[in-house]
Protein chains: 2
Amino acid sequence: MSLVKKPVNGMKDILPAEMQIRDYVQGVIKDTYREYGFAQIETPCMESIANLSNKQGGENEKLIFKVMKRGEKLNLETAKTQADLVDFGMRYDLTVPLARFYANHANDLPSPFKALQMGNVWRADRPQRGRYRQFMQCDIDILGEPSILAEIELILATTAALGRIGFQKFEVKINERRILKAMAKCSGFAEEEMDSVFIILDKIDKIGIEGVAEELKDAGFAQANVDQYMALFEGVRQAKDGLSYLEKELDGFLEEEVVVNLKEIMDCVNGCKAAEFELAFDPSLVRGMSYYTGTIFEIVMPEFGASCGGGGRYDKMIGNFTGKDVPACGFSIGFERIILLLMENGFQIPRQPEKTAYLVEKGYPAKKLKEVIAKAQKAREDGQQVLVVRMNKNKKFQKEQLAKEGYEKFEEFFRRGKEE
Amino acid sequence: MSLVKKPVNGMKDILPAEMQIRDYVQGVIKDTYREYGFAQIETPCMESIANLSNKQGGENEKLIFKVMKRGEKLNLETAKTQADLVDFGMRYDLTVPLARFYANHANDLPSPFKALQMGNVWRADRPQRGRYRQFMQCDIDILGEPSILAEIELILATTAALGRIGFQKFEVKINERRILKAMAKCSGFAEEEMDSVFIILDKIDKIGIEGVAEELKDAGFAQANVDQYMALFEGVRQAKDGLSYLEKELDGFLEEEVVVNLKEIMDCVNGCKAAEFELAFDPSLVRGMSYYTGTIFEIVMPEFGASCGGGGRYDKMIGNFTGKDVPACGFSIGFERIILLLMENGFQIPRQPEKTAYLVEKGYPAKKLKEVIAKAQKAREDGQQVLVVRMNKNKKFQKEQLAKEGYEKFEEFFRRGKEE
């Protein structure tokens, strides 16, 4: 037989133990986000290939799983390029589809609109340990809200959800694209150099600030600019209040509202937060996506090196669909990393129902089976979980297997009554 | 701008009102199935194209969305056929992936294994009203259980879930592939004619039994066979107990256990059912999929002409992956049809939390905003749903929009205190 038992390369099957945790966590996240007034929506997993390939997705656009045209539209003979063969692609994130969704339905939605999305996305990355080519994303976005109310609510909701799952003492880093730019500009970097500067700065978690300085010099940037840039970061590090320090240093390079807004966001979040975490200004936070226009933020867990979620403001994306900009801000939980962390730490789901397995011997008479089922039905009506299965020859092994699935109580039903 | 606002052809965006109902129904189904001991699993949305194209999927195999190879594996120049360009396909059901999953993980799973799957599937059908090319399926399957215990538990669990959603007075039709075959054989049809006979019989809901007779004759089947076939159906119709009638008439064509099993399933389900429905033997029930080997069943809602779910026994499919047959039986709820029915009937979700919207005027001072947010946080901790949004200029319209989303209470916060 030529059938393949393994999942396709880079994707994974999810077994019951992990699935239970995923489902529980999804439930907590959904319930929390609903309390904050986010309304769940869904878009198809496929988008028109044009929507996915217009440069908003950055590097992700190189990783699209492309879907072949069908029927008469597909002509292998005349096709010259990939584009002739493909019409749809698998979405690589939930943000581009949300922008399309909002452009399509804005008239039927309240404004501002608070959206919740949980769904799979696909990226044809090189398969590697712990990273999969299909994975769940879990995003909230507020569309049509230009003020800091969006940032405050997004950070409070996301951290409340993480807190309810059981995470604490994590950190939310916050920065502003305009501070990022002002620091670079004030250091003498030209506008067109900035993307390259930020790509190097983004490696700071791995190579440290000295490593960044090194790489910037190696990349050929002027020594004076690099020195000035480093002095700014060092200034923030030493200042009691990094934001006020930058406000002064970047005078003339930065709109006044930027620092005011960040301070107000931090003050309000710290005063109202429902979970135990630190919200900290970090001028080195970059966030890769080029669509961000304002605030950016990222979750860092002490147990986990890399980011466990993040987001920011992207006020220009919806305009790509409608021709009219709509302020937008979103926060995405790194769902797969959260699950990985919980699994590694032996997470136990609270408040599980009692689980009982009825083992029924082979050849058990149908009349009496009805009584067994009736008993199970009664327990189920009371909210208990009852598994009715046939008893295997190796009953001991069967019970061990079931115990792994959380079955603690067993009842046995023998063909001739009592244990033989 | 060349960006497309609509979802891709044949797929749909799901707005908050429908999403709430979908989420509620999914929750009820999941909770019910868990009480019956089904464990949720998940497989990737893509499968190797070989697994999807080995004739088990019947007509669905013509409807596969195919995923193009990537990177070096893709060579347009040398590709002669579609097969050279494609490695993955979108799954068209959850049964083939489940068989692969079980073949891959049987050693890590209890036996018998009761699986629950809820997930999207894709079929490149011609788009038409009410039928979409991406849709949710909701399946339970019992793998490794050869006895009627599987059928009984599947029917009880599925009908219990439907009952809890609020459906009643529906019908579950039941039949057996071996009865279907025995009736055809006993009427004189040859083995190789049967598939064509069943395809015509399957139209009975639309054309009636006379229509079936007509079409069989038009298709060139012998008059005597058609007459004999019709006489059997008429016999069942007139008999007090259709199954006993067939048991006698099909003597020599049918294993004894078939009727005994069906009777026992019906007796046990009728005695233990947790919802108000009729389980009825229907000798004309065909179920399209060729992989069924034994019992087959189907849900019919009085409000809805077509089937709202179905399933059956498929004891040979897993053997295609492992070389060793594993008894298997499954039941799938027609999730999209259920949702459609509920939406059309103005379904209201029970026990919704109180929803309050705080409208905050533009320019509301940050210091005071903090107090508003703190108030919202407190209500959320008590499980209330609180939306904090900026107040629009057209406040009346905004409130109307929010009322549509279920917000009943409003609080307004003005820049200068009290209403101006």
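Since we're looking at a predicted model, the values are computed, not measured. Residue numbers start from 1 in every chain, and the chains themselves are labelled A, B, ... in the order their sequence lines are given, proteins ahead of strands.
Considering only heavy-atom pairs separated by less than 4.5 Å from chain A, the leading option among B/Ala376, B/Pro353, B/Gly383, B/Gly271 is B/Gly383.
With a threshold of 4.5 angstrom between heavy atoms, B/Gln377 approaches chain A through side-chain atoms but not through N, CA, C or O. The part of A/Leu85 that comes within reach of chain B is its side chain, from C-beta onward, which places non-hydrogen atoms under 4.5 angstrom from that chain. When heavy atoms are compared at a cutoff of 4.5 Å, B/Leu76 approaches chain A solely by way of its side chain, counted from C-beta outward. Looking at B/Pro97, neither its backbone nor its side chain comes within 4.5 Å of chain A, counting heavy atoms on both sides. Contacts of B/Tyr102 with chain A are absent, with no heavy-atom separation under 4.5 Å from either backbone or side chain. For A/Glu42, the parts sitting under 4.5 Å from any heavy atom of chain B are the backbone and the side chain alike. Of the two parts of B/Lys12, only the backbone, made up of N, CA, C and O, holds a non-hydrogen atom closer than 4.5 Å to a non-hydrogen atom of chain A. Of the two parts of A/Leu63, neither the backbone nor the side chain holds a non-hydrogen atom closer than 4.5 Å to a non-hydrogen atom of chain B. Of the two parts of B/Ile152, only the side chain, counted from C-beta on, holds a non-hydrogen atom closer than 4.5 Å to a non-hydrogen atom of chain A. Of the two parts of B/Lys273, only the backbone, made up of N, CA, C and O, holds a non-hydrogen atom closer than 4.5 Å to a non-hydrogen atom of chain A. Both the backbone and the side chain of B/Gln82 come within less than 4.5 Å of a heavy atom in chain A. Heavy atoms closer than 4.5 Å to chain A are found nowhere in B/Thr356, neither backbone nor side chain. For chain A, the nearby parts of B/Tyr36 are the backbone and the side chain; heavy atoms of each come within less than 4.5 Å. Heavy atoms of B/Leu156 lying under 4.5 Å from chain A belong exclusively to its side chain. There is no contact between B/Phe38 and chain A, counting heavy-atom distances below 4.5 Å. For B/Val86, the part sitting under 4.5 Å from any heavy atom of chain A is the side chain, from C-beta outward, and nothing else.
The pair A/Lys367-B/Asp267 does not count as a salt bridge, with every side-chain nitrogen at least 4.0 angstrom from each carboxylate oxygen. Remark: A/Arg390 does not engage B/Glu153 in a salt bridge, criterion side-chain N to carboxylate O under 4.0 Å. Between A/Asp13 and B/Arg100, at least one side-chain nitrogen of the basic residue sits less than 4.0 Å from a carboxylate oxygen of the acidic one, meeting the salt-bridge criterion.
Summarising the geometry of B/Phe88 relative to A/Asn9, their closest heavy-atom pair is CZ-N, 4.2 Å, with the distance given to 0.1 Å. Between B/Gly37 and A/Gln385, the shortest heavy-atom contact is CA-NE2, 4.0 Å. Contact detail for A/Glu47 and B/Val8: the closest heavy-atom pair is C-CG1, 3.3 Å. Contact record, A/Arg34 with B/Asp23: NH2-OD2, 2.6 Å, taken as the closest heavy-atom pair.
Environment of NZ in B/Lys368: crowded, with over 12 heavy atoms of neighbouring residues, nucleotides or ligands closer than 6.0 Å.
Here CG of B/Leu15 is found 5.5 Å from CG of A/Leu109. Values are rounded to the nearest 0.5 Å. In this structure, NE2 in B/His105 is found 10.5 Å from NZ in A/Lys5, a value given to the nearest 0.5 Å. Atom OG in B/Ser147 sits 13.0 Å away from atom OH in A/Tyr364 (nearest 0.5 Å). Atoms CZ and NZ, on A/Arg70 and B/Lys66 in that order, are 10.5 Å from each other to the nearest 0.5 Å. We find the CZ-SG distance between A/Arg380 and B/Cys272 to be 9.5 Å, quoted to the nearest 0.5 Å. Atom-to-atom distance recorded for A/Met46:CE and B/Asn120:CG is 10.0 Å, nearest 0.5 angstrom.
The aromatic rings of A/Trp122 and B/Trp122 stand perpendicular to each other, their planes meeting at an angle above 60°, with 30° marking the opposite boundary.
Counting only heavy atoms from C-beta outward, the side chains of B/Lys399 and A/Pro110 never approach each other to under 4.5 Å. Contact check for B/Gln20 versus A/Gln40: no side-chain heavy atoms found under the 4.5 Å cut-off.
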